[in-house]
Amino acid sequence: MSTRLSKGGRLIDRSKPLSFTFNGRRMQGYAGDTLASALLGADQMLVGRSFKYHRPRGIIASGAEEPNALVGLGEGGKFEPNQRTTTTELFDGAVTASQNHWPSLEFDVGAINNKLGRFLPGGFYYKTFMYPRFAWKHVFEPIIRQSAGLGKAPTARDEDHYEYAYAFADVVVAGGGIAGLTAALAAAKAGKRVWLMEQTADWGGRAVVDAIEIDGKPAEDWVAETVAALSAMDNVTLRTRTMASGLFDHGYIMGYERVADHTPGDGRPRHRLWRIRAGHVITATGAIERSLSFAGNDIPGVMLASAVRDYVVNWAVSPGDRTVIVTNNDDAYRTALALLDAGLVVPTVIDARAEAKGALPEAVRARGVRVLAGHGIAKVKGGKRVTGVSVCIQEGEGAEIEAIACDAVAMSGGWSPVVHLWSHCGGKLIWDADRAMFRPDPNRPATGDDGAAMVTAVGSANGHLTADEVLTDAHKAAGGEGKAPAAAIEAEAPMMPVWIMPQGAGPALRMKMWLDPQNDVKVSDVQLAAREGYESVEHTKRYTTLGMATDQGKMSNINGLAILSDALHRPIPETGTTTFRPPYTPISIGAIAGEARGDIFQPLRRTPMHGWHETHGAHWEPVGLWRRPYCFLRTGEGVHDAVNREIRSVRNAVGLLDASTLGKIIVKGPDAGKFLDMLYTNMMSTLPVGKCRYGLMCSENGFLSDDGVVVRLSEDTWLCHTTTGGADRIHGWMEDWLQCEWWDWKVYTANVTEQYAQVAIAGPNARKLLEKLGGMDLSKEAIPFMEWREGTLGGFRARVHRISFSGELSFEVAVPASEGRAFWDALLAAGEEFGVAPYGTEAMHIMRAEKGFIMIGDETDGTVIPQDLNLQWAISKKKADYLGKRAQERSHMASPDRWKLVGLETLDGSVIPDGAYAVAEGVNANGQRNMQGRVTSTYYSPTLNKGIAMGLVKHGPDRMGEVIDFPVDDGKVVKARIVDPVFFDKDGEKQNV
Amino acid sequence: MLTLECPYCGVKAEETELQAGGEAHLKRYGPGASDEEFEGYLFMRKNPKGVHFERWRHAYGCGKWFLAARCTATLEVFGTYPAQSTQPPVDLQAKIKAKRPNWEGYK
Amino acid sequence: MAMRRYSAFAIAKEAMSYHLGWERAWGSPAPKKKYDVIIVGAGGHGLATAYYLGKNYGITNVAIIEKGWLGGGNTGRNTTIIRSNYLQDPSAAIYEKARSLYETMSQDLNYNVMFSPRGLLMLGQTEHEVRGYKRTVYANNLQGVATEWISPAKVKELVPIINIDGPRYPVLGALYQARGGTARHDAVAWGYARACSGMGMDVIQQCEVTGVRTEGGKVVGVDTTKGAIDCDKLGMVVAGHASVLAEQAGFRLPIESLALQAMVSEPIKPCMDVVVMANTVHGYMSQSDKGEMVIGGGTDGFNNYTQRGSFHHIEETVRALIETFPMISRLKQLRQWGGIVDMTGDRSPILSKTPVEGIFVNCGWGTGGFKAIPGSGWAMAELMARGQSPLTEEFSMYRFREGKFIDESVAAGVAH
C-alpha cells in the first residue's frame, strides 16, 4: 500500500493539515501536497478507469505527463472535469471524484470491455457496426458515446472569473529548473528584459529532488540564492504557477497562470492568461521520463521511477513498501537510493542492459540491493494493485525465471526532452541515437519575423541529461559571461533503448503492454496499424488513438513510434513524430475567454440617446456593435402592436427616430468631387451647395454595397451618409482608394459618425414641432425637399436636412453629440401637444417599404446590382468610370434575364412569409424545382391594412399584374400579384408639403 | 499572430491592430478593359508559397495603408513600405534576393 | 488487390490469432509507366474522384499520387461537419448529393466512417440572420434539401446546454437540418483508399509532383519524385496547394490560400448531440464520439501556407461561444491547429476544365470541403469521364469572367 512517511517531504508543511474528499471519503493531506501526493498518502492508488477497456488506473507520474490520475474537482459552478491530480495543489475542503465508471470506481460494469479486449483491437470500430445501416445512429453510436468521454460535463455557470494580461520581454524563459534559472540570470546580467516562468509552485525542478551540488552548495541553496538574485533585478519578472502553454508566430508566447486554483474563493481571478511578445524564447522545459513496455505495465502501482522519487522526497509519500525497479539507464538507481534513504525496501533492480557497472548501480549494490542485469519484467501481477513481478531474460521471450513479490514497480525507459514549445512554430527535431531521443535540431529552429531563430532550447529540453551539461548549455545559450555554474555529479553509463520487454515477447504479452494507458493503446495495436498499412505516424496515431488522450502522449509517444518503426523496418527518424500543437497541457477555456462574458463580451456602442431608450421600453435589435430600438414597448403591449402604433403615430402625427447610428463621413478637398464621382454611381460633383442627393455605392465587383444621402456642405466639402453597419467599412473603403490608387488626388476624409447625434422628425406635425422649438425658418420655401440649412433650433446648433425615408414630411436634424440627449428631450417636450412618439427600426422598415424604398441588406444581399433594383436613374450615364462600372458590363450582369425588383401583393391580403421563393415550371438538370423570384421585404402595413412585399422576379417589371406562386409551409401556396413597388402616396404629396 | 512595422508611424503593430488587404501593386482595369484583363485584376490573385507582396492597413493605429513583403511559408517579413509605391523598393528586392537566392524576383 | 470484407465476424475470427492475420487496407505500389487517369492529391476529394471513376465509369487504370500521406491534409484537419443547407441551387445540389452519399458510405465502402446524422442547427441571433435563414429554408424545400426553421424553445430542447437568453445576441430560432451531422474524417479517406486499392487502382504516397508535362496544349503526364508518369487525363485535387500545381501546368487559378483555425476540448461525457453553428458571433461547435467539444473558428485574412494555429482567432471564437454555451468555461482546451484552405472570389469551389486539355481541377472548397467529399468526387468523376456534369456546370473556373457568382455569404449579408 502507499502511505505517508513519518518524516521528510521538502514541500509539505505538516503543521498545516488539509482535509479533502475523494468519492465522498474524507482524507487528509498537508499544505504543499498535490492532489496526487495527498491521495497516495491516504493509500488511494486506484484513482480512475481507462477510456476504452475501463481498466483500473493508478497514479503513474508526478507532473504534466500523467495520463491516468484525472478527477472531477469541485461542485456546481466550480466543478471541473479531468483535473490532473499531479499538477493540482491540494487545498482545504477540496471535493474530488474519480471518473469514467459505473456504478463505482471499485466495481465498474464497463470493465466488461476489458474481458472483450481481444475483440476490440485498435481501430476495430472501422471494421464493424456497419449493418444494418440505421443501427449506427440508433444503437451503436449511442452506446459508444455513452462509454466514451471522460469527466462529467459541467452544468452550472462558471462562478469564477478570469483575466488577460500582457507583457513584453527581450527574453522569455520557459521553465524554472536549474537550466531556466541559469539562462535567466545570464540574460538578465547582459541587460535584457527577462520574463521567467515556472509551471509549478516551486523553483528548481529535478535538481533539488536529486539533491545534487552546484558550485559547491546543495542545489536547494543554489536555487534559493539564484531566485533571490533574479528577484532583486529590475529587469526580471518571475512567475511561478505559470506555464508557457504555447508559442505562436513572431514570438507570441502564452503564459497560463493558475492564480487561485489553490486558494479558491479568495476573490482573485482563477486564471490569468499572459500574452507575451518575446524578442527571443528560451525553452528550459526539461525532460519527461518514458515508460517501459512490459506486460501489465498499466496496473496501479507501476509508476515512473522519477515520480516515485518525487513522491518520496518532495511529499514523504511511499508508493509501496517493496518497490521493484526496472530500467534501461543509470538514473533510475537514484530512485532506489531515495527509497532506501526513506527506509523502504527495494527487493531488486532489474536492468535490461547486459551490465550495470556505473557509479550509481555500484552505490545501490553497496546498499545490499540485488541488481539483475540483462533482465526484464515478463509480466506484472495484480489487478487493482501490483502484487508482484515475473522476471525474465530481456533477450528472451518472457519465460519466468523468478517471481518477486512487491507492491510497486518503478520503471524508467529513458528520457525525452520536452520539445513542445520548440516545435509549435516549426522548429525541427533530430534523432539522437545514443540517448534514444528526439531533441531540437539547432540548425532548424522556429524563425521569427526577421527570419532568424526565435527559440533556443537549453538544458534537458535540449537533450542534456546531466546537471553539469545542463548548466553549461543554459549559461552559454543565454549569452552568459564567464564561467557557468558547475555541478558535482556521478558519471552515468550509457542507456540502452528498450522498446519491448522482453525483446522477443509474443503476441499474448504484446497485447498486455500499454503505450497509452488513458486511451488503452497497446504495443499490439501499433503493430496492427503498421500491418494494415497505416504507415505514417499520423495514420497510426489516428487509427489507434495513440497520444490523443488528455496527456497528448507525453510519456509514451516515442515508445509508440519506435515500435511502429520497428514493425515497418525503417529507422525511427524516418517515422518522425506527430505534430506538437499548443497548448503544452490543457488550459481552461475560461482563461481563453478572459473577462469577455455577459454584458461585456463585446464592446457596446451607444448613441447619446441610448440611456433614454433603455428606460423607455426599448426592445433592442443588435446592429453591428450598436443596439437600436426595434420598437418602444409600452406597458402590456406586444412587439407587433407597438410597431403598428408607432407607424400610425408617424403617419398621423409625428414620430422621432434616433438616427445617430447612420454613418457620417466628411469628404473634403479640391478633388473631393472627382473622388465621389468615382465612388458613387451618380454624379456628386455637380450637386449644388445646400442640396442633398441620394447616392449608391458599388463594390469593384459591381454589387451594390451601400447607399445614403450625400450633402454638399460647401464648395469643397461633402457629407456622405452611410448605412449604420456601413460607416466604418465605407470610410475604410474610401481611404483604401485614396491611399492606394489615387494617392495624388487632394482629398481628406473623416468619419464623424459619433460626433453628431441625429434625429429624424417625421410626420404631418413635424414642421409644427420644430417651429415650436424655434430659431429657423423651416417653411417649404426656405428649405425645400432634398435641401439642408444650418441654424439653431431651440438654442441647439443644428443642421437640418429635408429628407424622408418614411414618405412623410420629414426633417433629419444633426446636433453635436454632446447635446444629443438634451435635444431629444426638448423634442419630446415640444412635441407633446402634437402627439409625438419615438419609433424604432421596424416602423422605419415598414414605412420605407410602403414607399417602395430599398434597404441595403434586404433588397441587397451582396449579389444584387443597382440595375436589378431599377435604380438606373441613380447611375450617371455621363461618367466614363465609377467603381463597379466595368464589372457591371460583364455578360451575366448585363443579362436581361436577371431577377428585378417589383412590388408584390397577395390576392388575399395576407403577408407573404419572409424569404419565400416564387416557383416556375419544371425542374433543372439537378432535379431542383425551378424558381423565378423571391421576396426581399415583406410586412403587414398598418397604413394600408394588408400585406405588402417587395421582391426580385425574373422579367418582373415587364409582368405587371401577373400572379405568381410562392409555396410556403405545409404545402400551401401563396398567390401574389406583381405590382408597382410604391404602395403608398405614389405622388409624394405627403412628403412635399 | 503576426507583427508588422507600420512604415508611417513606426509602430510594430500586432495583427489584431491591422487589416489585411490582399495582393499589392494591382493594376486597376476599368471600362474599356477586356473580360480577361478585368478578371485578372479582380480574381487571379498571386498565391505563391514564398515571397509575397501584400497590402495592410494600420486600421486600429494611424489608419494608413502600407505594403509588406512577406514569406507565406515561414511568415518572415522582409520589409514594409508606403502604399504609394508602384513596385517594391529596389533595396528591399535586393534584400529578399540575398535571403532567398532562388526567388524569381518581383514580376 | 482484392479486399477482404470487414465485419464483426472477421474480427472475431482474427481475434483467435491475435489479429496477426489482417492484411493491408490499401496497397503500396510503385508507379506504373502510364495510367488512363492520374489524380494528384490523395485527400478525401481526390480519393473519392478516383473511387467514382471506377465505380460509376469502370475506369480503374488510375493512380492517386500524394506528396505526403493519404488523408494528411485538410481531410484530417477539419471539424467534420456535414450539411447541405446551402442557399444557392448549385451548392445545394452538390452538397446534398454529398450528404446523401454519406448516408450509405459505410456500407458502400465496407468501412465504418461513422456518419452520424445527429442534426445541425444554425442559430439565428439577429433579425437579419433570421430572415436569411428563413429564406434558406424556402430555397432548400424547392431544392429537395430537408431543412426547417425552429423556435428558440425547440433549440433549447435539442441543445440543453445552450443559453438562449444571451444578453447581446439571444437565440431567436434556428435553421435546422435533421439529417446533417458529422462523420469520422480520417475514416472517409481510409475507406476510399481501401476501396480504390480494391478496384486495382494505385494509391502512391510520398510522391510529389515536380512538373506537369503537356504537348500541343494537352496533358501527357507528370514528373514526380518517383519518376515520370504518363497519363491521358489529369485531375488536380490538392486544395490549398492548387495554385502551386496550376503554376506547373502553366495557368493560374482564382484562389488564395488562407489558414483556418480549430480546436478541441478535453473529452467529457456526452452533453450535446447536435452540431451548432453561430454565425453572428463566428463560431461553431459539436461533440465528437470521443467526447471532445470540437470548436471551429475563423480564417486569417492573409495568404498563409503554414498549418499552424493562431491564438487570437481561437480567443475570438471562444469569447463568442462562451455566452451561448456557458458550460465550456470550465472545460480545458486540449489542442488547437490550423489548416490551409483555398478560397475563391465567391467562396464557392471550382470543379472545372482548364486551359490545358485533359487537365481538370477541383479546388476552392474553402472552409466547406469535408462535407462535400463524396458529392465532389461523384461530380468530378463524371466531369472527367464524360466531359461534363450537371453538378459541376456552374462551378467553372471561368465564371468570374462572366460575373456569374455562387455567393453563399448571402444569408450573412450586410447589416443595415
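In what follows, chains are A, B, ... by sequence order, proteins preceding strands, each numbered from 1.
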Chemist: The criterion is side-chain contact (heavy atoms from CB on, under 4.5 Å); which residues satisfy it with Thr324(C), sequence neighbours excluded?
Modeler: Leu123(C), Gln125(C), Ile162(C)

Chemist: Are any of the side-chain nitrogens in Glu127(C) or Arg628(A) under 4.0 Å away from the carboxylate oxygens of its partner?
Modeler: no

Chemist: Is there a donor-acceptor contact under 3.5 Å from the side chain of Asp186(C) to the main chain of Tyr543(A)?
Modeler: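 No.
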
Chemist: Under 3.5 Å, is there a donor on one side chain and an acceptor on the other for Arg184(C) and Tyr125(A)?
Modeler: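 Arg184(C) vs Tyr125(A): no donor-acceptor pair found between side chains.
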
Chemist: Is the closest basic N to carboxylate O distance between Glu14(C) and Arg118(A) below 4.0 Å?
Modeler: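 A salt bridge is absent here (no side-chain N lies under 4.0 Å from a carboxylate O).
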
Chemist: Would Tyr133(C) and Asp914(A) count as a side-chain hydrogen bond (donor to acceptor under 3.5 Å, both in side chains) if you check the C-alpha gap in whole Å, the side-chain angles of each, and the deciding distance to 0.1 Å?
Modeler: CA-CA 10 Å; Tyr133(C) 288 150; Asp914(A) 245 322; over 6 Å; no

Chemist: What part of Trp190(C) lies closer than 4.5 angstrom to a heavy atom of chain A: side chain, backbone, both or neither?
Modeler: side chain

Chemist: Using side-chain contact (heavy atoms from CB on, under 4.5 Å), reason through Arg135(C) and Asp861(A) one step at a time and then give a plain yes or no.
Modeler: CA-CA 12 Å; Arg135(C) 176 181 166 193; Asp861(A) 63 2; 2.8 Å; yes

Chemist: Go through the steps to decide whether Glu535(A) and Arg24(C) satisfy the test salt bridge (Lys or Arg N to Asp or Glu O under 4.0 Å), and finish with yes or no.
Modeler: CA-CA 10 Å; Glu535(A) 295 169 44; Arg24(C) 292 183 63 95; 2.4 Å; yes

Chemist: Does any N or O in the side chain of His892(A) come within less than 3.5 Å of the main-chain N or O of Phe405(C), such that one atom is a donor and the other an acceptor?
Modeler: no

Chemist: How would you list, by chain and number, every residue that makes a ring-ring contact (aromatic ring centres under 6.0 Å, His included) with Trp620(A), sequence neighbours excluded?
Modeler: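 Result, ring-ring contact (aromatic ring centres under 6.0 Å, His included) vs Trp620(A): His610(A).
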
Chemist: Give a yes or no answer on whether the side chain of Arg133(A) reaches the backbone of Glu103(C) with a donor-acceptor pair at less than 3.5 Å.
Modeler: yes

Chemist: For side-chain contact (heavy atoms from CB on, under 4.5 Å), just list the numbers for Glu532(A) and His19(C), CA-CA rounded to whole Å, side-chain angles, deciding distance to a tenth of an Å, and then say yes or no.
Modeler: CA-CA 10 Å; Glu532(A) 295 193 274; His19(C) 300 283; over 6 Å; no

